[in-house]
Amino acid sequence: MSFTLHRGLVAALLLGCSFPAYAQDERRVKIVLGEEAQLIDPCMASRSDVGRVVLQNISETLTVLDPRSADLRPRLAMSWTQVDDDTWQFKLREGVKFSDGTAFDAKDVAHSIARTTSGAINCEIGVKYFGGLDISTDVIDPQTIEITTNPAQPILPVLMSTMTIVPEETAMDEHTRSPVGTGPYIFDEWKAGQSISLSRNPSYWGETPEVEGATYLFRSDRSVAALMVENGEADIVPNIAVQDATNTDTDFAYPNSETFFLRIDTQVAPLNDRRVREALNLAIDREAFKGSILSSEVVSATQIVPPTTIGSNDNLTPYPYDPEKARSLIEEARADGVPVDTPIKLIGRTGIFPNGTEVMEAMQAMLSDAGFKVDLNMYDVAEWENFYTKPFAEDRSPQIIQLQHDNAKGDPVFSMFFKYHSDGLQSVLEDDEVDRLIDEATVATGETRADLWKQLFARLHDDIISDIVMFHMVGYTRVSERLDFEPSIATNSELQLAEISFR
Amino acid sequence: MLKHLRNRLISSLLSLAALIVIVFFLSRLTGDPSALYLPLDASIESRENFREINGLNDPLIVQFSSFAKDIVQFDFGKSLRTSRPALEMVLEAFIWTLQLALITIALVILVATVIGSLAAFNVGGLFDRVATVVSLIGASAPDFWIAIVGILIFSIGFGWLPTSGTGSLLHWVLPVAILFIRPFGLITQVVRNSMIAALHAPYTKTARAKGAGPRRIIFGHSLRNAALPIVTVMGDQAAGMLNGAVIVETIFGFPGVGKLMIDSILMRDFSVILASIVVTAIAILLMNILIDLSYAALDPRTRA
């Protein structure tokens, strides 16, 4: 009691007369993000910093994919049917209004699709999910819209779970800084460099959420951010480092839909030899990372999509740690004239995930122990991208590049073409069987689709050995004990305030 | 003096112009921003479109001439990150940095002058020895470590202060305290050494002989004569603060120009890089002029 009084007196003295500004509003929450969202335009919501503020809070989508169960559910669309191979019809929810008071209808959907995919303002959702796709809309009536794509998209309703809907009046050629949406929260204020505030939408069409509003703060130092919950200054801090997750009452680990792997450049000797690629995999002691510099809860992986993704192949097993066999494979390759002593460039990306540099240093040591000559080079993302994306340098040295891939959309189509098809922007493979499997799986449906993806994963992991696949990663989020909220795989890209309640 | 100021102004403006040219071209050699602003899976067409709408496909010399025309009207263009006017972003951030720097500098001058002077008045005494140890610790303390320890003690341990952020007077306490420590240590040592020399100068002995008291000897006679090196070192420290206190801004989430500049460099946000360099360079230029004027005020021989 006396200690509390003492604290209050000091605070009052320092402030002159008022109480500390960091006292919690009872029914509002404070969320600490790693960086300030630079744009809070709904069409940028596939970026995690924007998505955590905007997605399903301010702006909603026609459908919602639950990444935990991979179920697709209605949101602003009530139902959808496939009209023909290229066209889907969506029936829209009635009685929905935007926060500016205008009614939501099919014209808003048509405008949102046009704005997101036009290229005039480089909307990230358009580039990421609709790149290379001709998309057109036909407004049948205020509550019905048909969407046609070329090439045909059998998973268009899943794609529509990424398309945020804005009013028809939203400018086509300019990012908005005060987003208007149909969601349970409305945008209040953005204090540059300090905070973004939302408050509950009184005219929301759905259930009234318990949280009355949210303030998003920005702290790049995640240790300090984590301490803010401990000090009662904040309620939720996503993405804290494993070494800061020290309180089992408040710190939650959850699969974050990211997979950590290293792409092997199969085009350049000695990495164009399958034995060498197998030796690389056998040289890595994956278990040594768990509970040391990575969370003990990371899961050894065999493919670059989370296990909940359709077509995930459960029959594959991670390569064991067997340095002896790795050495004998290297010697076998050497005897056949493979230049195994050529220095291999190990390319890492600074800040890719907490302790990402330390992981690369450990991998370099493991590969060296097995007999490889490996030079580790860490780059910032702009330089790293030169090694990652085509066109690749003709005279490049053998390279292995550190990657982390996020696929929370439940389907490998969002990952595989870019990374493994011979026309993929980041692919070093030129394998006819891989191309065929990707092409066929992309347009297939149901069991056939899942089976083709399974075959593809087996081809990559067992036959070609295109990567050193490491772990399905976990994230840590600190949550105040006053909240009833458990982070999930979805927390990586969105943070729905309506899912939070108070204890 | 006026001639000196005019020359100083001209040379500073020439330096500023050279700086702008160098930074403009160097920053554009550091990589393609489309890699940072578009998803890694973005197609070649999307990247091309990004470069086109942001004018990055034009030859460098064309980009520079367009930039030079705009900068004359103080138009630095829009930020690639935020689509906001770059100058507006920089000025918003600079106000925070300026407040932080001014408060810290004022405290450093006040505290370091008093402690350094008193230590010099009784060289080798207890106060001098304590002040020397404390100031040397301050001058060599790693500020990121002190900042974290400060948060653990005063925010988590005692719960007296917020860990970070802005919003009340309390939010300023830890950032100012952390920024204060290093210049305080340095300036205290400079004041002490300058004052030791001044206190042994003939004019001080004359003042003592005339019966002046310690306060008058220190603050009336010696300090003014010892002030020139103090002003020089303080000017250097202040210039560092006006550039932004990156560590303090990062740890405490203070929206200052230092972190803005670093983030802009990492994100190849060219307009903001240039706007922040120009704004801080002008601030340092003005501060140097103020230092010149204070030299003149302190030492009549420099007025010629």
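Bear in mind the structure is a predicted one, so any value in this text is a computation, not a measurement. Note on naming: letters A, B, ... go to the chains in the order of the sequence lines (proteins, then strands), and numbering restarts at 1 for each one.
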For A:E233 and B:T163, which I'm curious about, is there any donor-acceptor pair between the side chains at under 3.5 Å? yes
Quick check: does any side chain N or O of A:T350 sit under 3.5 Å from a backbone N or O of A:M378, one acting as donor and the other as acceptor? no
Most heavy-atom pairs under 4.5 Å with chain B, out of A:D41, A:V32, A:I40, A:L227, belong to A:L227
I would like to know whether A:D251 and A:R478 meet salt bridge (Lys or Arg N to Asp or Glu O under 4.0 Å); could you show each step before the answer? CA-CA 4 Å; A:D251 301 338; A:R478 180 165 285 186; 2.6 Å; yes
Exactly one candidate in B:S276, B:S27, B:S79 meets side-chain hydrogen bond (donor to acceptor under 3.5 Å, both in side chains) with B:D269; the answer is B:S79
Most contact-rich option vs chain B, by heavy-atom pairs under 4.5 angstrom, among A:R177, A:H175, A:M44, is A:R177
Return the set of residues passing side-chain hydrogen bond (donor to acceptor under 3.5 Å, both in side chains) with B:N54 (not counting sequence neighbours), or none when no residue passes. none
Counting only non-hydrogen atoms closer than 4.5 Å, does B:I148 touch chain A with its backbone (N, CA, C, O), its side chain (CB onward), both, or neither? side chain
Region of A:E36 that comes under 4.5 Å of a non-hydrogen atom in chain B: neither
Between B:R28 and B:F25, is NZ or CZ placed under 6.0 angstrom from the six-membered ring centre and within 45° of the ring axis? no
Look at A:D221, A:N386, A:L217 and state which one has the largest set of heavy-atom pairs under 4.5 Å with chain B. A:D221
Using the side chain to side chain contact (heavy atoms under 4.5 Å, CB included) definition, which of the options B:T113, B:V111, B:L107 pairs with B:I109? B:T113
Would you check, one step at a time, whether the test side-chain hydrogen bond (donor to acceptor under 3.5 Å, both in side chains) holds for B:S155 with A:N231? CA-CA 7 Å; B:S155 304; A:N231 208 34; 4.6 Å; no
Can you see whether A:T215 engages A:R28 through a side-chain donor-acceptor pair at a distance of less than 3.5 angstrom? yes
What residues of residues 412-425 of chain A make heavy-atom contacts with chain B at a cutoff under 4.5 angstrom? A:F414, A:F418, A:K419, A:L425
Decide if the gap between the ring center of B:W172 and the ring center of B:F254 is smaller than 6.0 angstrom. yes
What part of B:I53 is in contact with chain A, defined as an atom under 4.5 angstrom from a non-hydrogen atom: side chain, backbone, both or neither? side chain
Turns out that what part of B:I151 lies under 4.5 Å from chain A's heavy atoms comes down to side chain
Between B:G253, B:A147, B:S164, B:G165, which shows the greatest number of heavy-atom pairs under 4.5 Å with chain A? B:S164
Can you tell which of B:I156, B:L260, B:N49 has the highest number of heavy-atom pairs within less than 4.5 Å of chain A? B:I156
On a heavy-atom basis, the closest approach of B:G256 and B:W96 is CA-CB, 4.3 Å
Which region of A:E124, side chain (C-beta onward) or backbone (N, CA, C, O), has a non-hydrogen atom less than 4.5 Å from a non-hydrogen atom of chain B, or is it both or neither? both
